[in-house]
*Asks:* 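Here it is, the structure in full.
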Amino acid sequence: RLQRMNTTRVSSRLPAGKAESVALAPTEKNSMKAIVQDRYGAADVLELRDIDRPRYGDDDVLVRVHAAGVDRGVWHLMTGLPYLIRIAGFGLRAPKNPVLGMDVAGRVEAVGKNVTQFGPGDEVFGIGNGTFAEFARVSQKKLALKPTNLTFEQAAAVPISGGTALQGIRDHAEVAPGQRLLVIGASGGVGTFAVQIAKALGAEVTGVGSESKLDMVRSLGADHVIDYKREDFSKMGQRYDAIFDIAGNRSLRDLRRALTPKGTLVIVGGEEGGRWIGGVDRQLRALALSPFTGHKLRSFIANESSAALHDLAELIEAGKVTPVIDRTYPLCEVPDAIRYLTEGRARGKVVITI
């Protein structure tokens with residue numbers, strides 16, 4: 001296990017509009033603690049190091065990180081699996097960005113000259129680059145003011161998982177009041193948001209998960225729950241207007257069997273399919289089959305935007321959505337946090353505190 005290292009934090013800030021493409025003035029401390037990897041692999045490749053603070057551009061915000069979320073995407077970027085990730089531009093032999101982490105919540109330290117919506121001291125949340133660190137660069141297009149009723153830890157749990165759930169349920173499944181929705185993987189990071197967002201939209205929600213997590217899924221508002229180890233939703237005779245599949249381990253045939261004749265299937269997860277393409281093949285097959293069936297078979301890549309963050313903030317401040325956090329870990333224990341997440345035991349989100 002990596003040992004915790006003492007750090008000295010710097011409180012000096014650059015005034016809005018004065019930042020250049022280099023993040024820090026020469027008089028500032030130009031280093032920070034960060035979780036770094038030089039090669040792809042398991043959590044053992046991660047190290048806590050002193051590195052330079054990130055540079056930022058005219059449209060970027062430098063955020064002093066207070067918390068950062070952990071999601072399955074972090075594991076994919078750490079391992080470089082499936083290999084399709086490397087081909088997509090994240091680095092063929094080694095990670096292009098050696099610092100892990102995307103979800104972020106913290107305070108604005110400095111801003112680029114084109115940034116007008118944020119200023120030093122603002123409490124924000126969003127999606128950045130290399131957020132398992134004391135400071136992170138975030139595009140102003142992927143940042144929003146932190147919901148006033150959330151802690152930094154809660155806010156860090158929201159951006160990626162909450163944004164995926166919001167877009168999947170509202171925009172792609174097009175859930176409407178009174179519709180029956182099945183959420184497969186309802187107890188995970190995305191699933192806990194999906195259940196709450198669907199209820200906010202007026203749906204009748206059934207959540208699928210393991211027995212030990214079903215009480216938590218009920219507490220989020222699910223009308224019905226299914227223990228996937230004891231019951232097979234595809235053979236229960238119930239038909240759903242929409243299915244939101246996060247777990248990614250059921251066949252298209254099983255999923256379609258549980259849909260109404262004009263129902264919609266949205267696939268956002270998939271850990272099957274091998275080291276080259278992972279679960280992408282199932283999503284591609286769904287998209288190819290959709291024009292030839294009465295079902296709407298969909299998949300998507302979540303749009304990382306401030307608009308989605310603003311919509312989530314409204315739901316959160318209205319009390320309709322609350323982030324679910326299973327555990328928090330300090331920065332020096334990121335490897336343990338990722339191991340815990342990949343074991344499949346987490347209820348909701350895992351968060352790094354800094």
Side-chain angles (χ1 to χ4, degrees), residues 1-7 23 30-57 60 62-63 65 67-104 127-139 142 156 159-161 189 248 269-281 301-302 304 327-346 349-354:
R1 176 175 295 184
L2 300 177
Q3 299 298 313
R4 187 192 301 267
M5 301 178 69
N6 293 326
T7 63
N30 194 27
S31 66
M32 66 176 184
K33 304 294 183 185
I35 294 293
V36 179
Q37 65 178 114
D38 297 321
R39 65 188 190 279
Y40 291 120
D44 295 338
V45 304
L46 303 178
E47 296 181 1
L48 182 64
R49 297 184 195 166
D50 284 294
I51 64 172
D52 290 340
R53 292 189 195 177
R55 298 169 180 264
Y56 62 89
D60 296 330
L62 181 67
V63 176
V65 182
V70 184
D71 65 277
R72 189 72 183 184
V74 167
W75 179 87
H76 287 295
L77 294 178
M78 179 184 74
T79 60
L81 296 174
Y83 294 134
L84 186 62
I85 288 177
R86 309 186 191 196
I87 298 171
F90 289 94
L92 287 176
R93 297 183 179 276
K96 278 189 176 180
N97 183 3
V99 183
L100 276 180
M102 294 176 285
D103 281 327
V104 66
I127 302 173
N129 296 298
T131 60
F132 294 167
E134 292 180 305
F135 294 88
R137 174 179 62 85
V138 186
S139 168
K142 299 182 180 183
I160 292 177
S161 295
E271 300 302 328
E272 306 292 331
R275 298 173 68 86
W276 279 97
I277 58 176
V280 175
D281 62 327
I301 297 175
E304 299 176 354
R327 293 186 180 186
T328 61
Y329 291 80
L331 182 63
C332 60
E333 294 181 9
V334 164
D336 289 336
I338 295 176
R339 291 186 190 102
Y340 179 73
L341 179 72
T342 55
E343 288 171 356
R345 294 186 290 159
K349 293 284 289 188
V350 175
V351 173
I352 305 302
T353 58
I354 302 168

*Asks:* Is it true that a side-chain atom of Asn30 and a backbone atom of Asp52 form a donor plus acceptor pair closer than 3.5 Å?
*Replies:* no

*Asks:* Quick check against the 3.5 Å criterion: does Thr131 have a side-chain atom that pairs as donor or acceptor with the backbone of Ala68?
*Replies:* no

*Asks:* Could you tell me the separation between the CZ atom of Arg53 and the OG atom of Ser31, rounded to the nearest 0.5 Å?
*Replies:* 7.0 Å

*Asks:* If you look at every heavy atom in Ala337 and Tyr329, which pair is closest and at what distance?
*Replies:* CB-CD1, 3.5 Å

*Asks:* For the residue pair Arg327 and Tyr340, would you count it as a cation-pi contact if the rule is NZ or CZ under 6.0 angstrom from the ring centre and within 45 degrees of the ring axis?
*Replies:* yes

*Asks:* To the nearest 0.5 Å, what is the distance between CD1 on Ile352 and CD1 on Ile354?
*Replies:* 7.5 Å

*Asks:* At their closest point, which heavy atom of Met102 faces which heavy atom of Gly73, and how far apart are they?
*Replies:* CE-C, 4.1 Å

*Asks:* Mind checking whether Leu77 and Val74 have side chains closer than 4.5 Å, heavy atoms only?
*Replies:* no

*Asks:* So, for Arg39 and Gln37, which heavy atoms are closest and what is the spacing to 0.1 Å?
*Replies:* O-NE2, 2.8 Å

*Asks:* Let's go through Glu134 and Lys33 carefully: what are the C-alpha distance in whole Å and the side-chain angles of both, what is the deciding distance for salt bridge (Lys or Arg N to Asp or Glu O under 4.0 Å) to 0.1 Å, and is it a yes or a no?
*Replies:* CA-CA 6 Å; Glu134 292 180 305; Lys33 304 294 183 185; over 6 Å; no

*Asks:* What pair of heavy atoms forms the shortest contact from Ala136 to Gly130, and how long is it?
*Replies:* CB-O, 3.9 Å

*Asks:* How close do Pro54 and Met32 get, heavy atom to heavy atom, and via which atoms?
*Replies:* CD-CE, 3.6 Å

*Asks:* Is a side-chain N or O of Glu47 found less than 3.5 angstrom from the main chain of Arg49, in a donor-acceptor match?
*Replies:* no

*Asks:* May I ask you to check if Arg137 and Tyr56 form a cation-pi contact, with NZ or CZ under 6.0 angstrom from the six-membered ring centre and within 45° of the axis?
*Replies:* no

*Asks:* Rounded at 0.5 Å granularity, tell me how far CD1 in Ile338 sits from CZ in Arg72.
*Replies:* 10.5 Å

*Asks:* Locate the shortest heavy-atom distance separating Ser161 from Gly189; write the atom from each residue and the value.
*Replies:* CB-O, 3.6 Å

*Asks:* Passes salt bridge (Lys or Arg N to Asp or Glu O under 4.0 Å), Asp60 versus Arg55? Steps please.
*Replies:* CA-CA 9 Å; Asp60 296 330; Arg55 298 169 180 264; over 6 Å; no

*Asks:* I'd like to check Ile51 versus Val99 (side-chain heavy atoms, cut-off strictly below 4.5 Å). Are they in contact?
*Replies:* yes

*Asks:* Pick one: which of Asp44, Leu46, Leu48, Val45 meets side-chain contact (heavy atoms from CB on, under 4.5 Å) with Pro335?
*Replies:* Leu46

*Asks:* Measuring from Ile127:CD1 to Ser139:OG, what's the distance to the nearest 0.5 Å?
*Replies:* 10.5 Å

*Asks:* Going by side-chain contact (heavy atoms from CB on, under 4.5 Å), Val65 matches just one of Leu331, Val138, Val104. Which one?
*Replies:* Val104

*Asks:* Distance from Glu333 atom CD to Arg339 atom CZ, nearest 0.5 Å?
*Replies:* 10.5 Å

*Asks:* With rounding to the nearest 0.5 Å, note down the distance linking OG1 in Thr79 to NE2 in His76.
*Replies:* 7.0 Å

*Asks:* With a 4.5 Å cut-off on side-chain heavy atoms, are Leu62 and Phe135 touching?
*Replies:* yes

